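Working notes, structure below.
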Amino acid sequence: MTLAHCLVDELAAMRRLMELLDEEANQLAKAEVDGDALVHLAESKQQQLERLGALSSERRELMGGEAVSSPERALEVVRVDGCEAEWQELLKVAEQVSNHNHGNGRMIQLRMEQNQRLLNMISEARGRALYNRRGEAGRGESRLNLKA
């Protein structure tokens with residue numbers, strides 16, 4: 001495989017990862033999150049990251065391995081091989097993917113914090129813990145009479 005072909009493949013894989021991150025963001029933005037969909041997305045993201053890792057290793061090898069120790073040196077190599085445009089696009093998309101992934105992580109963190117605040121409010125309103133550390137309902141006398 002040539003360096004140009006490797007960069008094109010890596011760029012396609014990076015764009016697919018961006019699509020998965022978009023899907024994840026859409027799921028996280030819903031009022032009711034579909035856990036099964038998020039699990040499927042996490043698995044797909046992992047597969048894509050593994051593919052990107054393999055392509056990245058191949059690219060580094062094609063670029064001369066350890067000889068490409070700086071961004072300036074990498075730019076020299078891609079210029080010589082005539083694939084500077086693909087390299088610049090890959091760098092741009094990689095930064096976008098990183099930012100998007102960070103944003104999704106922040107959304108997950110905010111949801112977790114919100115859920116914890118809600119559980120704390122319920123617990124305080126009740127005067128005792130409703131759920132234990134495993135998420136199981138606490139035992140005790142209920143104040144709610146369900147008989148008609």
Side-chain angles (χ1 to χ4, degrees), residues 1-140:
M1 177 182 294
T2 67
L3 179 57
H5 283 102
C6 185
L7 289 172
V8 168
D9 288 351
E10 194 172 0
L11 186 55
M14 192 71 69
R15 286 183 172 138
R16 176 62 185 135
L17 181 57
M18 180 64 93
E19 291 171 3
L20 292 169
L21 289 168
D22 285 340
E23 291 177 40
E24 181 180 56
N26 289 336
Q27 283 295 323
L28 292 169
K30 291 180 178 179
E32 189 169 324
V33 175
D34 182 345
D36 291 336
L38 285 176
V39 167
H40 176 71
L41 284 168
E43 291 168 352
S44 296
K45 280 177 30 181
Q46 184 59 40
Q47 291 171 354
Q48 202 61 28
L49 287 168
E50 289 170 7
R51 174 156 168 67
L52 279 165
L55 287 167
S56 177
S57 294
E58 186 170 353
R59 173 184 36 84
R60 280 192 301 277
E61 186 176 312
L62 289 167
M63 292 177 87
E66 296 302 316
V68 183
S69 57
S70 70
E72 294 81 16
R73 179 68 182 118
L75 188 56
E76 289 175 28
V77 171
V78 296
R79 279 183 180 151
V80 167
D81 280 15
C83 47
E84 183 179 356
E86 292 88 348
W87 176 248
Q88 294 296 340
E89 183 69 12
L90 179 62
L91 294 176
K92 182 179 92 174
V93 174
E95 185 175 353
Q96 292 170 346
V97 163
S98 177
N99 291 337
H100 202 359
N101 192 49
H102 178 75
N104 285 3
R106 183 70 182 131
M107 283 197 308
I108 291 168
Q109 181 181 4
L110 290 172
R111 273 193 176 264
M112 288 174 44
E113 290 170 0
Q114 180 183 27
N115 288 343
Q116 187 60 55
R117 280 192 305 273
L118 288 171
L119 285 172
N120 290 344
M121 287 173 43
I122 291 169
S123 179
E124 288 171 13
R126 178 89 196 250
R128 64 178 179 84
L130 291 180
Y131 302 98
N132 64 22
R133 289 183 181 189
R134 293 185 305 231
E136 299 167 338
R139 303 208 192 311

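Bear in mind that the values here come from a model prediction, so they are computed numbers and not experimental data.
The NZ atom of Lys92 sits 13.0 Å away from atom CE of Met14, with the distance rounded to the nearest 0.5 Å. The CG atom of Leu119 sits 10.5 Å away from the CE atom of Met121 when rounded to the nearest 0.5 Å. Distance check: Leu49 CG to Leu17 CG gives 5.0 Å after rounding to the nearest 0.5 Å.
If you check the side chains of Gln114 and Arg111, you find no donor sitting under 3.5 Å from an acceptor.
Applying the side-chain hydrogen bond (donor to acceptor under 3.5 Å, both in side chains) rule to pairs touching residues 2-12 yields Thr2-His5, Glu10-Arg59, sequence neighbours excluded. The stretch residues 13-28 participates, sequence neighbours left out, in these side-chain hydrogen bond (donor to acceptor under 3.5 Å, both in side chains) pairs: Arg15-Glu89, Arg16-Glu19, Asp22-His100, Glu24-Lys45, Glu24-Asn104.
The salt bridge (charged side-chain N to carboxylate O under 4.0 Å, His left out) test applied to Glu76 returns Arg73, not counting sequence neighbours. The side-chain hydrogen bond (donor to acceptor under 3.5 Å, both in side chains) search around Glu43 returns none, not counting sequence neighbours.
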Residue pair Arg51, Gln48: steps toward the side chain to side chain donor-acceptor pair (under 3.5 Å) verdict
CA-CA 5 Å; Arg51 174 156 168 67; Gln48 202 61 28; 5.6 Å; no

Side-chain donor-acceptor distances from residues 79-88 under 3.5 Å, at least two apart:
from	atom 1	to	atom 2	distance (Å)
Arg79	NE	Glu84	OE1	3.2

Just distance, no hydrogens or angles: give the donor-acceptor pairs under 3.5 Å from side chains in residues 30-42, sequence neighbours left out.
from	atom 1	to	atom 2	distance (Å)
Asp34	OD1	Asp36	N	3.1
Asp34	OD1	Ala37	N	3.2

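Residues Leu110 and Glu113 are in side-chain contact: their nearest non-hydrogen atoms beyond the backbone lie under 4.5 Å apart.
For Leu3 against Met63, the heavy-atom pair with the smallest separation is CD1-CG, 3.6 Å.
In Glu95, the CD atom is not crowded: 12 or fewer heavy atoms of neighbouring residues, nucleotides or ligands sit closer than 6.0 Å.
Distance alone, capped at 3.5 Å, places no donor-acceptor pair between the Ser98 side chain and the Ala94 backbone.
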